[in-house]
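Here is the structure we will look at.
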Amino acid sequence: MEKGLFKKIVLSLAGLLVGLIIAVYLSAQLNPAGGSEATLGGANVSVDGVPDDVVQAALKTYVPPGQLDEYYMFASGGHSGSVFVYGVPSMRRIRTIPVFTPESAVGYGWTTESKEMLGEWSWGDVHHPALSETGGDYDGRWLFVNDNANSRAARINLDSFKTSQILDIPNIYGPHSAVFMTPNSEYFMLGSRFAGPIPYGTYSPIENLSKDYNCVLAAVAIDPNDGEMSVGWEVLMPPWSFDLSDAGKLDSEGWAFLTTYNTEEAYELLEVNASQREMDYVVALNWKLLEQAANEGKYKIIDGVKMIDPLEVPGSVYLVPAMKSPHGVDVTPDGKYFIANGKVAPVATVFSFEKFKECIDNKDFQGEERGFPIVNYEKVRVAEVPVGLGPLHTQFDGNGYAYTTLFIDSTIAKWSLDTFEIVDVTPVHYCPGHLCAAEGDTVDPDGKYLVSLNKLAKDKFLSVGPSHPESAQLIDLTTDKMKILMDVPTDPEPHFAQMIKADKITTWEVFDKDPSRPGAVYEKENARIERDGNHVTVYQMGFRSRYYPDHVEVNEGDHVTWYLTNTDFDEDITHGFGICLYDLNAEAQPGETIKFEFVADKAGVYPFYCTNFCSALHQEMQGWFIVKPKDL
Ligand code: RUQ
Ligand code: CUA
């Protein structure tokens with residue numbers, strides 16, 4: 001039986017079994033004190049005695065066999081360097097997409113293409129995934145992420161769920177305050193978390209931080225046709241740590257907002273010294289003006305990038321005072337407000353974009369710092385919402401409510417964007433960082449679901465030793481009170497996530513057959529091994545259940561270029577390729593041609609085999625790589 005069909009049958013049976021077990025479990029919990037009627041997978045079940053909220057939570061998160069989740073959630077994998085894909089509401093983890101770190105499960109980091117993308121680095125630190133947008137709405141084309149460690153950004157194509165480009169960003173140490181998309185994916189912004197002398201490699205002693213160190217904001221431009229990223233331009237900023245950012249939308253389109261947390265310019269004991277001032281800033285950036293300046297040549301080149309001095313572009317940067325080391329900054333769906341989350345101040349401060357513009361028009365400034373005008377705090381601030389201790393991030397539903405995570409309180413507060421009053425608080429477990437609402441960063445959020453991305457799980461799961469997994473909790477937003485529906489463990493480390501309606505993403509079933517693709521072979525008569533001096537090129541096919549050719553003999557020291565085409569144009573029939581004792585591993589998805597290169601520096605006989613179980617004769621899908629010794 002072919003793998004897809006077999007898998008479907010097994011999955012269906014397993015699903016039915018789980019459904020049956022739940023039904024039996026629920027109906028077995030007999031207790032005359034309670035009682036509830038419910039449907040499960042289309043059948044009526046009696047769930048007498050089970051508390052109603054347990055029944056509702058089970059039903060709301062149960063996706064019966066044959067049905068699919070309603071949303072994809074793309075979650076940061078933090079310093080795993082990967083992106084984790086979940087289905088919501090089941091919270092099943094569907095996929096791990098390796099981005100900045102090799103992943104042998106899918107041969108990422110061994111093929112020529114992925115090796116070249118990873119370059120000299122072996123790890124990365126993904127913080128904030130951002131989906132591409134059209135008209136302020138997720139369009140399901142691409143996902144972009146930042147690397148806080150090695151100053152990169154990456155694009156994942158959502159037709160294949162593969163990392164397709166990694167871009168080095170010059171001049172930015174720790175681009176943490178990224179990735180946040182402009183409403184038509186013109187750009188995303190990245191800002192330095194760490195001050196440093198630029199370009200990379202420049203020396204200056206730490207005491208010179210205020211003088212010689214900079215933070216930099218980069219605008220990465222996105223090609224509307226293929227999503228190709230390039231550094232558009234950069235902006236030279238003082239050595240203040242940039243933490244998070246968000247792009248303006250609708251009323252505030254054309255602006256970007258970034259929080260800072262070390263305007264003290266401290267360089268030791270930051271824990272204390274970066275929290276001296278009562279106010280730091282939200283930095284507001286008029287990116288359209290800066291784009292124009294870049295087009296007019298108002299820049300100098302640093303490390304190959306157009307670097308704009310914003311002091312030479314009047315009107316491009318303003319400072320909005322925000323309470324003590326704010327963390328997240330979030331623009332409301334209508335673009336009318338931007339909200340700074342206090343972190344060490346127990347408030348979410350709501351700023352009016354309209355008032356901000358008025359202050360600029362009326363030159364209503366309360367001072368300036370390093371040449372940048374500081375707008376009048378009393379005028380732009382419309383509310384200080386006392387959300388609780390440790391506010392970090394805010395998301396929105398489509399009904400005029402905001403949801404703020406409180407790291408220290410371990411709660412989420414729901415509050416009105418109209419009255420600025422808190423209407424509900426739910427505990428979460430434990431210490432939430434980001435949170436993710438369904439379509440939450442668009443101009444038209446869905447509400448419905450909220451996921452709390454918690455830094456600690458403590459007692460929530462079976463113990464796995466001194467360090468526990470992190471956790472994600474799914475919260476129901478369809479009732480007045482927020483209700484936790486389920487807990488799932490997550491791998492390190494949940495930072496941000498975005499949740500998109502599943503029907504907005506169209507994936508390929510198989511790779512296109514394209515004879516012009518370098519190295520591709522689809523017919524046995526074209527499969528071959530070619531030699532040019534000491535360079536051997538293998539054109540190999542893989543199909544159920546063999547490789548063709550299945551013996552490849554080269555001479556010790558040969559440089560080998562190996563193309564493998566999976567000629568099974570059949571969804572989900574992936575062939576792996578591992579060479580024993582040669583540290584080589586890859587996979588070819590249906591219809592895909594992959595390439596890897598290596599030097600045959602060890603003589604001997606090395607079996608190769610398919611690592612993905614692909615058919616009943618998968619075990620026979622093997623061959624031999626034979627390296628003839630030099631001195632023979
Ligand atoms: S941060 S937990 Cu890296 Cu997004 Cu706020
Ligand atoms: Cu191909 Cu297993």
Side-chain angles (χ1 to χ4, degrees), residues 2-4 6-7 75-79 107 124-130 145-149 174-180 190-194 241-246 258-259 261 325-330 340-344 390-395 404-408 410 412 428 430-436 441 451-456 470 472 490 492-498 540-548 550 564-568 570 572-578 585-590 592 594 608-623:
E2 84 183 43
K3 183 188 177 191
F6 177 71
K7 216 159 124 177
S76 123
H79 47 289
D125 188 3
V126 174
H127 278 242
H128 306 113
V145 294
N146 63 330
D147 171 11
N148 183 62
H176 181 268
S177 58
V179 171
F180 294 90
L190 306 106
S192 323
R193 170 174 168 189
F194 310 113
S241 289
F242 286 87
D243 207 1
L244 271 300
S245 66
D246 202 358
L258 298 102
T259 46
Y261 66 84
S325 307
H327 187 59
V329 56
D330 298 285
N341 299 271
K343 190 169 76 183
V344 289
L392 290 186
H393 297 281
T394 297
Q395 284 264 285
T404 301
T405 46
L406 298 148
F407 181 83
I408 298 171
S410 269
I412 291 176
V428 289
Y430 299 90
C431 300
H434 280 272
L435 72 181
C436 164
D441 289 286
V451 175
S452 179
L453 299 154
N454 308 318
K455 303 296 190 187
L456 302 176
E470 284 75 12
T490 65
E493 164 150 355
H495 293 279
F496 191 39
Q498 282 193 331
Q540 187 184 45
M541 292 161 62
F543 48 90
R544 280 164 292 179
S545 300
R546 69 178 294 191
Y547 296 106
Y548 194 89
D550 53 8
L564 169 64
T565 301
N566 179 343
T567 54
D568 279 318
D570 211 342
D572 201 22
I573 302 301
T574 294
H575 297 294
F577 185 89
N585 162 58
E587 76 163 25
Q589 297 189 1
E592 188 181 22
I594 55 163
F608 56 78
Y609 70 105
C610 174
T611 47
N612 274 51
F613 212 108
C614 56
S615 76
L617 296 173
H618 150 85
Q619 212 67 354
E620 282 78 356
M621 192 163 174
Q622 64 176 64

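Counting starts at 1 for both ligands and their atoms, following the listed order.
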Against heavy atoms of [X], which atoms of ligand 1 measure under 4.0 Å?
{"X": "His128", "result": "1 (S), 3 (Cu), 4 (Cu)"}
{"X": "His327", "result": "1 (S), 2 (S), 5 (Cu)"}
{"X": "His176", "result": "1 (S), 3 (Cu)"}
{"X": "Lys455", "result": "2 (S)"}
{"X": "His127", "result": "3 (Cu)"}

Looking only at the aromatic ring of each residue, does the gap between the centers of [Y] and [X] stay below 6.0 angstrom?
{"X": "His618", "Y": "His575", "result": "no"}
{"X": "Tyr547", "Y": "Tyr609", "result": "no"}
{"X": "His128", "Y": "Phe180", "result": "yes"}
{"X": "Phe543", "Y": "Tyr548", "result": "no"}

Taking 2.8 Å as the cut-off, does an N/O/S atom of Ser545 lie below it from atom 1 (Cu) of ligand 2?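 Given the 2.8 Å cut-off, Ser545 does not count as a ligand of atom 1 (Cu) of ligand 2.
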Is Cys610 close enough that one of its N/O/S atoms sits under 2.8 Å from atom 1 (Cu) of ligand 2?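 So Cys610 does bind atom 1 (Cu) of ligand 2 by this criterion.
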Given the ring of Phe407, does Lys343 sit roughly above its face, with NZ or CZ under 6.0 Å from the centre of the six-membered ring and within 45° of the axis? no
